[in-house]
Number of protein chains: 2
Amino acid sequence: MTLKLRFIKAINRTRIKDIALKANVSIGTVDRVIHKRGEVSEATRDKILAIINEMEYQPNILASTLASKKTFSFALLFPEPISSESYWNKPMIGVRKAFQEIQQYGVNINIHLFKQTDTKTFKREAELILNNNPEGVVLAPFFSRESKEFIAELKKRDIPYVFIDSNIKDSDKLSYIGQDSFQSGTLAAKLLDYSIPENATILVLQFAKEKDNMNHLVQREKGFYEYFNSSSAKKELITLEITDPTDITCQTKITDLLKSNAGIKGIFVTNSQVYLLARLIEEANLSGIRVIGHDLINENIHFLKKGIIDFLICQRPEEQGYRSIITLFENLVLKKEVNNENYTSIDIITKENLDYYK
Amino acid sequence: MTLKLRFIKAINRTRIKDIALKANVSIGTVDRVIHKRGEVSEATRDKILAIINEMEYQPNILASTLASKKTFSFALLFPEPISSESYWNKPMIGVRKAFQEIQQYGVNINIHLFKQTDTKTFKREAELILNNNPEGVVLAPFFSRESKEFIAELKKRDIPYVFIDSNIKDSDKLSYIGQDSFQSGTLAAKLLDYSIPENATILVLQFAKEKDNMNHLVQREKGFYEYFNSSSAKKELITLEITDPTDITCQTKITDLLKSNAGIKGIFVTNSQVYLLARLIEEANLSGIRVIGHDLINENIHFLKKGIIDFLICQRPEEQGYRSIITLFENLVLKKEVNNENYTSIDIITKENLDYYK
DNA sequence: CTTAGTGTCGTGTACGAACACGGAAAAAGT
DNA sequence: ACTTTTTCCGTGTTCGTACACGACACTAAG
């Protein structure tokens, strides 16, 4: 049995000439119709359009971008990574990969970084971007108010923008690339619920220092509680907020709680700093506690392999970076329709499947 | 703060002319060197190569494929899907997506399907492929002996081939795209181990009728047992092989076992037909049993949503199909190096994160 | 010394689309 | 009726690369 996918190139090759011939006009005229450059009488335009339609003509993008000297400039507005191990390095990897693939098409990418603790740097970089007048923008709308000002200006200039990591509703965005934090919280809840005995206690740990994605943390927590509210699972929940996880008094506070309350069989850390907790557990030599946290960063991987962290819930930051650029590319260069919302998968990672998420 | 990714197009534009000028030769000569077409004296060739190297010249693939009238023909050799819901439809989706993206580059894809129950159809289709003399081949080496004959011939003709779904070791393949079945079994074991109380019993169900991926099933089972052998988990395991899951006597056999043995708190089905078991559980109105199976097919999704199936372990068949084609493309058209082994991630899917795996 | 053969290399055209330029025809102004 | 403006359309060149064709020099055979 043999199937074939229909192949266009050979047909496409002299397509425009064919159209011109059929319509009894010159190639230039067909050209003007395709590019909506006016300067064509309605009668001939309609005739040509009909023929184009009938022949199912599709332009050859290779030749098109080759001939048009037009170059596209994309701007990126990301938080500056705190360290070389930090979360925001990962989307950048995807961005670079995307760049490698599409630079042939004349796409240029300018990267702008702002400090997560300083709205002024955000404003300054946003203005720099506007000065460059790029064809498209990818931004992490970290500061809500400043982001809204920025996208208002982008909208005025008809520059499409893609949100990454967090979303702003009702904003005429081209697309949103990111994860559903609420569901990721619910998922964490289910895993913990399944993993520990009935009537055990769960500790929810909120490390609040790293302001990275504040909104996400809240959503995750909400999702987590929502699971236990709406299910029949009998678990007791304790919440603990640690403002400075590197502070020793805070650390002993956690250790003391764990030692004094033997009923705690599961711990949920709402952000990527679960490795700090894992370190405490290791030092205190505690066992029998299921630990779940977020993000595939090296410190976490270390404790996942050791078996101290049981589950990591991850988004795919590299893929998000990649997709954000590709989305702009598809819309602007290839002139395709793109999805308005693009949730990346919520991955569950354990020691066993870790190797296959790289 | 502003970073820039280096942008090549503007430089590339007149690159070849520059090289020709610097080497004091004609464009045609530079051309011959780049395409290794001989016909160039060693002295000039070395001189040109040095300059090319120094200038870090990279050809513009757009222009290249545009100019070369060469078309690439890829052949696919897949098992025929048993039904429209069957597993082997999914890689095809990815193949079609890849085709959409790369047909611009002059790539044509011929799809050949064989019957999973009939080695003769495999041989016949393999021969049809050889007659077409394609530039590259993607195959699922379903029948070991026949596959080896086939790839021996491909090797003789210097046609690169990519394995999908299962692998043949030491075969000079261009790449393998698929999952690690053993690890997926280990992962299933861990999830079940975590999800049920100590000292409970686990039932391993082997539906053997669908011969789909026999080797995979064995590997999965091995991985599953390996987990319990090497860990301190105290669980009793029962294995049951069902030759015909649609047969009523077999079905009652399962139901009776579950009813009589209340210690069974977890069930592992080694293939995608876990929905058959779920149906039985629903009909018998049993509860408190954790069920884990494989593959994101519609029937399984149905019971996952209902909460009867707790976990599905999935490979990404669409991505596998997509990647297999893209790998050939990158190697043959873009002349890139490609990975020799390409394990796709082993995803854990629950009711909670289901929506983000599409 | 001529001629055929071989090894080198330069020139010209093509791939499919984009767009500038300028010419012809039609419409508007004087 | 003649000029000017506007509308419409054909021609020619370009993008960066591939490759056919033929030119030229050099060697070996006659």
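Since this is a predicted model, take the numbers as computed values, not measurements.
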Student: Choosing from C:dC19, D:dA18, D:dC15, which nucleotide comes nearest the side chain of B:Ser64?
Tutor: D:dA18

Student: Could you give the CG-to-P distance, from A:Asp46 to D:dC8, as a whole number of Å?
Tutor: 13 Å

Student: Please report the distance, rounded to the nearest Å, between NZ in B:Lys47 and C1' in C:dC9.
Tutor: 12 Å

Student: Between B:Ile61 and B:Arg32, which has a closest nucleotide on DNA chain D that is more 5'?
Tutor: B:Ile61

Student: B:Ile48 has an atom CD1; how far is it from atom P of C:dG10, in whole Å?
Tutor: 8 Å

Student: Looking at B:Tyr322, does the NZ or CZ of B:Lys97 lie under 6.0 angstrom from its six-membered ring centre and within 45 degrees of the ring axis?
Tutor: yes

Student: Measure CG/A:Asn24 against P/D:dC9 and give the value in whole Å, please.
Tutor: 12 Å

Student: Between B:Thr29 and C:dG10, is there a side-chain N or O to OP1/OP2 distance below 4.0 Å?
Tutor: yes

Student: What's the closest nucleotide to the B:Ser68 side chain, out of D:dA18, D:dC15, D:dC9?
Tutor: D:dA18

Student: Distance check: side-chain N/O of A:Ser41 vs OP1/OP2 of D:dC8, anything under 4.0 Å?
Tutor: no

Student: Does A:Glu127 come within less than 4.0 Å of A:Arg124, counting only side-chain N to carboxylate O?
Tutor: no

Student: D:dT17 phosphate, OP1 or OP2: any side-chain N/O from B:Tyr57 under 4.0 angstrom?
Tutor: yes

Student: I'd like to know if the side chain of A:Asn89 and the backbone of A:Ser84 have a donor-acceptor N/O pair within less than 3.5 Å.
Tutor: yes

Student: Kindly say if B:Thr44 contacts the phosphate of C:dC9, meaning a side-chain N or O under 4.0 Å from OP1 or OP2.
Tutor: yes

Student: What is the separation between atom OH on B:Tyr105 and atom P on D:dA18, rounded to the nearest whole Å?
Tutor: 14 Å

Student: Starting at atom CD1 of A:Ile27, determine the distance to atom P of D:dC8, rounded to an integer number of angstrom.
Tutor: 21 Å

Student: Could you state the CG-P distance from B:Leu62 to D:dA18, rounded to the nearest angstrom?
Tutor: 12 Å

Student: Return the nearest nucleotide to the side chain of B:Asn60; candidates are D:dG10, C:dA18, D:dT17.
Tutor: D:dT17

Student: Say whether, by atom type as modelled, one donor and one acceptor occur between the side chain of B:Asn60 and the main chain of B:Ala63 under 3.5 angstrom.
Tutor: yes

Student: Would you call the rings of A:Trp88 and A:Phe78 parallel, tilted or perpendicular, where under 30° means parallel and over 60° means perpendicular?
Tutor: tilted

Student: Measure the distance from CG on A:Asp31 to P on C:dC19 and round it to the nearest whole Å.
Tutor: 8 Å

